[in-house]
Amino acid sequence: MKICVLVKEVPDAAVQKRIDPATGRMDRSGEKNLNPYDTHAIEAAMQLKESGALPVEEIVAVSMGPESAVRALHKAVSLGADRSVHLSDAALAGSDVAATGYALAQTLKRENPDLVLLGQQSDDGECYTIGAVVADHLGMPSLTQVIKIDVEGGNTLRAERQAEYGYDTVQIPLPAVISVGDAINEPRYPSLKAIMGAKKKQLDTLSVADVSIDASKVGGDNSAAQWTGSKEPPKKAPGMIIEDEDTAQTVEQIVAWLDERKLI
Ligand SMILES: Cc1cc2nc3c(=O)[nH]c(=O)nc-3n(C[C@H](O)[C@H](O)[C@H](O)COP(=O)(O)OP(=O)(O)OC[C@H]3O[C@@H](n4cnc5c(N)ncnc54)[C@H](O)[C@@H]3O)c2cc1C
């Protein structure tokens, strides 16, 4: 069996995210990293392989992104993927969610996976939607927010989904597309040997033509969603700091502050 894990390169968590007003796209010029949510998807694939619950022969990391996304793919390989696929083409720049999902699905078709795993969200776009779009194009069932995967028989998974009201238990036949929640596992750290060896593993770089992507359906100009503007969230009023010189007086001050705002 083959598991494909979708991984994305995102701005590092420490970088202040901003839209570049000149292009209407996210400014990705700073430090970048593998989307932290995707490390849970790689770990879930590794646990399915290592436990022997599924006869997994190969884990393939797949990413769509500019040249720099290779680093995220190397990280994915250092965490356990056997090889990686990089869809990179200028024609894809500015693609919205629908176009990105279509392009990723075309790339996945070439791999013919039994299971596609994703993170619950990207740390930059935070759309939470790529899994469903990809599944639709592949004609596979889709599950989101999965925090437990058990194998039932050879070709069926029993998954637990985290929902607002509790947990859903869902049976799903393979092939399927599953976005995992970050509560599913604790991702491992890569070993030094794995980090050093990652660059030597097979990496296929593909263009839109290589995976039969219809170029009129991808890229900024062909995307239905267009950026029209953004604004900063309203600034919060500064908090009040009370120096505790006399505790009785401090308590009085806190109670008065809460009372004034009708919080008690
Ligand atoms: C008008 C517009 C223009 C845009 N222009 C650009 C652009 O120029 N460059 C750009 O990078 N983004 C661009 N985006 C954002 C891009 O469309 C989204 O980042 C992308 O569709 C995925 O959405 P998300 O990141 O919110 O994914 P989510 O749905 O939040 O991600 C869920 C999971 O999907 C997987 N995933 C998401 N994206 C990828 C990917 N690229 N490769 C592999 N796996 C992935 C990961 O496993 C991730 O954990 C643009 C969006 C809009 C609306």
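Numbering of residues begins at 1 and proceeds along the displayed sequence. These figures come from a predicted structure and were not determined experimentally. Just follow the structure's listing: the first ligand is 1, and inside any ligand the first atom is 1.
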**Q** Does the pair Lys17/Asp27 count as a salt bridge with the N-to-O cut at 4.0 Å?
**A** no
**Q** Gly94 to ligand 1: N or O pair under 3.5 Å?
**A** yes
**Q** Does Val10 have a heavy atom less than 4.0 Å from any atom of ligand 1?
**A** no
**Q** Looking only at heavy atoms of Tyr37, does any of them come nearer than 4.0 Å to an atom of ligand 1?
**A** no
**Q** For atom 38 (N) of ligand 1, what's the nearest protein heavy-atom neighbour? Residue, atom name and distance, please.
**A** Lys8 CD, 3.3 Å
**Q** Answer yes or no for Arg28: is there a heavy-atom contact with ligand 1 below 4.0 Å?
**A** yes
**Q** If you measure from the Lys or Arg side-chain nitrogens to the Asp or Glu carboxylate oxygens, is any gap between Arg18 and Glu232 under 4.0 Å?
**A** no
**Q** Take atom NZ of Lys148 as the centre, draw a 6.0 Å sphere, and report whether it contains more than 12 heavy atoms from other residues, nucleotides or ligands.
**A** no
**Q** With a 4.0 Å cut-off on heavy atoms, does Ser63 reach ligand 1?
**A** yes
**Q** May I ask you to check whether over 12 heavy atoms, not counting those of Gln226, lie within 6.0 Å of atom CD?
**A** yes
**Q** Is Trp227 close to ligand 1, meaning an N/O of one under 3.5 Å from an N/O of the other?
**A** no
**Q** Any sub-3.5 Å donor-acceptor pair from Thr39's side-chain atoms to Pro36's backbone N or O?
**A** yes
**Q** Report yes or no: does Gly220 have a heavy atom closer than 4.0 Å to ligand 1?
**A** no
